[in-house]
Every structure is written in structure tokens, then in C-alpha cells.
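Every chain is numbered from 1, with letters handed out A, B, ... down the list of sequences.
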2 protein chains.
Amino acid sequence: MSKASSPSTLSIPNEIGGVRMTKQRKEVYRLLLEKKDHPTAHDIFISLQERMPSISLATVYNCLETLVEHEVLQQVNFDREPSRYCANLKEHGHFLDEKTGKIQDVAFKKDVNIKDLFDLPEDTIIENLDITIRGILPNNSTH
Amino acid sequence: MSKASSPSTLSIPNEIGGVRMTKQRKEVYRLLLEKKDHPTAHDIFISLQERMPSISLATVYNCLETLVEHEVLQQVNFDREPSRYCANLKEHGHFLDEKTGKIQDVAFKKDVNIKDLFDLPEDTIIENLDITIRGILPNNSTH
DNA sequence: AGCTATATTTAGAATAATTCTAAATACAAA
DNA sequence: TTTGTATTTAGAATTATTCTAAATATAGCT
Ligand SMILES: [Mn+2]
Ligand SMILES: [Mn+2]
Ligand SMILES: [Zn+2]
Ligand SMILES: [Zn+2]
């Protein structure tokens, strides 16, 4: 098992798929690498204001849109609640614990290939698969 | 295999979990039993105006909310698009064909118990599971 | 280094789906 | 019939997000 570099150490590239990683984009991305609790655009805006008092909410939205387009972030939606964002690019679902309101990533069990489980015609191309779960974790479960 | 009664024949109960099935609620429900293409509240509003010129959009929203609360309908969300509604109560996912824009139900393969495939603590209670897929169906596939 | 074209950020206005409000209507029970 | 409650209705309000247009930053030149 290789040791992952911590987000503060991790160097974020200066370019990504042809677009510049600006100060603002880097800060948005860095925050999402650090905070794995799936913040909303507004949450991110509030957090970043400490380090970048001049950043605007429109910029946070712009950065998130760009980073999602370039597939370094995922947008996560629970019903019609404000969108949340996630820097985990592994295939995973999202679990909302109704007791705590906290959202966490959910991996699939070993050897499960989720895309093979749907009754779809052969040669169907799956571009994107979103799985969201609402439920209640057992007590004292930090996962 | 038993013959299912057609929606126009099917009698819709006059009460459901303590609330009255009013004219408006019945029409909304009837439409969703007939049209399995997952219409939005606005789609439903436009369709129903022919049979019920006096119905309001607020009422369509109110009816949908009530019917979802009482679990005779499901609300279906693709990212941040307007919510869609579905009268299919079997456990199923939703597939959006990016070529046609059409949404269809997707069943799971035989013997797949989707809730068992997530890496969650034992005794986690799953209240609700939403699965949405975007992709492209092979040509000439009506499913 | 300055110059210039383009990309990005920003504040604030606009949009659009949904929810809310309060008055009118329908209905069930007495 | 009367009366209390549920429901519908039109229109206003809300809110997450997108759009607009002006200001700023940056990369690639000279
Ligand atoms: Mn749902
Ligand atoms: Mn998505
Ligand atoms: Zn995630
Ligand atoms: Zn469905």
C-alpha cells in the first residue's frame, strides 16, 4: 500500500485538460481534497472566504463547473437539495445518514461490477451512473 | 400470468392512507398510470388541462407531493433537471437515453439484490435507493 | 519589459422550478 | 342545511443556479 500525500503537500497541476488552474480553481479543488464531506457551493464559498476574501460565489460556481467538466470533481445530487461536490473519482455511491445529516462515500462490495446488474440491451453505453442512498447507520458507526 | 386491467378501467380508490382521492389527485395519478415516460409537473399540468381546464399548476404540485408522501408515486430526479414522476412501485432504476432524451425504467437482473452490494456497516437501514443512468441505447432498441 | 488577445473573475441581475400565502371552494359529518 | 376541515387556486415569494457585462489577470508575443 502506497502512502498518499496529504492534500496540503499534494501539488495541484497548473493546467488541466487545456484550462488553467487559477488561484481560485486550485483553492476550490484543494478544499474538496481536504474536506470529504461533500460541501455545497455555498459551503465552499464560506470556507474559502477565510483564505480568499475576494472570491465570489459566481466564481465558486464557475470553478466547480469547470472542474466537473474536466472530470476532476463529481457533482452529487440528493433529490432537489443543493448540489454537493466530491473529489473522489473512484466509482462510488453516496449515503445520507438521516440521523446525522452527514453524507459519505459508499464503495461497492468486492468483485461487484454494478454496471452489469441492470437489465439493459446489450451494447448499451453507460456514460454515467449515480447512486444515492438514504438511510440510518447503526449507532457509533463511523464507517 | 394475470391480465392487468388497463388504466382507464382500473378503479382508483377514493381514499389512500387517510387522505381523500380528489378529482385532481385521481387525474394526476391516472395520467401517470397511463404515461410511463416520466413526465414533469409541468408536462402533467399541460396534459391535464384538456380534461380539467380549471386545474392549477400549484394543485399538480400539491397532488404529486401527496401521492409521493403516500407512496403511490415516486419522484425521479436526474441531476438538477425538473423532477419527474413515476407510478411504477417496483424497485427499479432510471435510464436516460442521451440520443432520444427519453427516460425509461430499468429493472435489475434476475436474483440481483442491489441493496446487498454496498460496503456499508451491518444493520444499516436503507430507507431509499435512487439509481439514475445516462447512456446510449443501441440503435432500434425499444427495450 | 511592455503590448495585446484571450481567459477568468466579479457583482449584480435574471431565471426557473418549486413552495408559500391567503382566499375561495368542496366535502364529510352532524 | 350547517359547520368544520381539507383541498384547490392564483399569484407572490423563495432559492439555487445561470447569465451579463465590466474589470482583472495571464500567456504569448515583440
Ligand atoms: Mn428519492
Ligand atoms: Mn451526475
Ligand atoms: Zn463522494
Ligand atoms: Zn420509473
Next on the checklist: Heavy atoms within less than 4.0 Å of DNA chain D: which residues of residues 17-28 of chain B have one? Give them sorted by number.
Outcome noted: B/Val19, B/Arg20, B/Thr22, B/Gln24, B/Arg25
Next on the checklist: Students often get this wrong, so: under 4.0 angstrom with heavy atoms, is A/Thr40 touching a base, only sugar-phosphate, or nothing?
Outcome noted: nothing
Partners of [X] by salt bridge (Lys or Arg N to Asp or Glu O under 4.0 Å), sequence neighbours excluded?
X	answer
A/Arg80	none
A/Lys35	A/Asp37
A/Lys115	A/Glu91
A/Glu81	A/Arg134

Quick check against the 3.5 Å criterion: does [X] have a side-chain atom that pairs as donor or acceptor with the backbone of [Y]?
X	Y	result
B/Asp97	B/Lys99	yes
B/His42	B/Thr40	no
A/Ser47	A/Asp43	yes

Next on the checklist: Listing request: all side-chain hydrogen bond (donor to acceptor under 3.5 Å, both in side chains) pairs with a residue in residues 52-62 of chain B, at least two apart in sequence or in separate chains.
Outcome noted: B/Ser56-B/Thr59
Checklist outcome for this item: Span of DNA chain C engaged by chain A, first through last nucleotide within the 4.0 Å heavy-atom cut-off, is C/dA7 to C/dT18
Checklist entry - How is the hydrophobic cluster of B/Val76 composed, in terms of its other members, when Ile, Leu, Val, Met, Phe, Trp and Tyr link through side-chain heavy atoms under 4.5 Å apart, directly or indirectly? => result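 Under the 4.5 Å side-chain rule, B/Val76 groups with B/Phe78, B/Leu96, B/Ile103.
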Item to check | Residues touching DNA chain C, which here means a heavy atom under 4.0 Å, drawn from residues 51-73 of chain A | outcome: A/Ser54, A/Ile55, A/Ser56, A/Ala58, A/Thr59, A/Asn62
Item to check | Contact summary for A/Cys63 and A/Arg25, nearest pair of heavy atoms | outcome: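 Minimum heavy-atom separation between A/Cys63 and A/Arg25: SG-CG, 3.6 Å.
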Checklist entry - Which heavy-atom pair separates B/Val60 from B/Ala41 by the least distance, and what is that distance? => result CG1-O, 3.6 Å
Checklist entry - For the helix from C/dA1-D/dT30 to C/dA30-D/dT1, what is the angle between the axes at its two ends, each from 5 pairs, rounded to 10°? => result 20°
Separation of [X] atom [atom1] from [N] atom [atom2], in whole Å?
X	N	atom1	atom2	value
B/Asn14	D/dA6	CG	P	18 Å
A/Glu81	D/dT17	CD	C1'	16 Å
A/Ile44	D/dT17	CD1	C1'	14 Å

Item to check | Results of ring pair (Phe, Tyr, Trp, His ring centres under 6.0 Å) for A/His38 - residues two or more places apart only | outcome: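 In terms of ring pair (Phe, Tyr, Trp, His ring centres under 6.0 Å), with neighbours along the sequence ignored, A/His38 is linked to A/His94.
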Checklist entry - Which residues pass the ring pair (Phe, Tyr, Trp, His ring centres under 6.0 Å) test with A/Phe118, sequence neighbours left out? => result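 For A/Phe118 the ring pair (Phe, Tyr, Trp, His ring centres under 6.0 Å) partners, ignoring immediate neighbours, are B/Phe108.
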Checklist entry - Are B/Arg80 and D/dA16 close enough that a side-chain N or O sits under 4.0 Å from OP1 or OP2? => result no
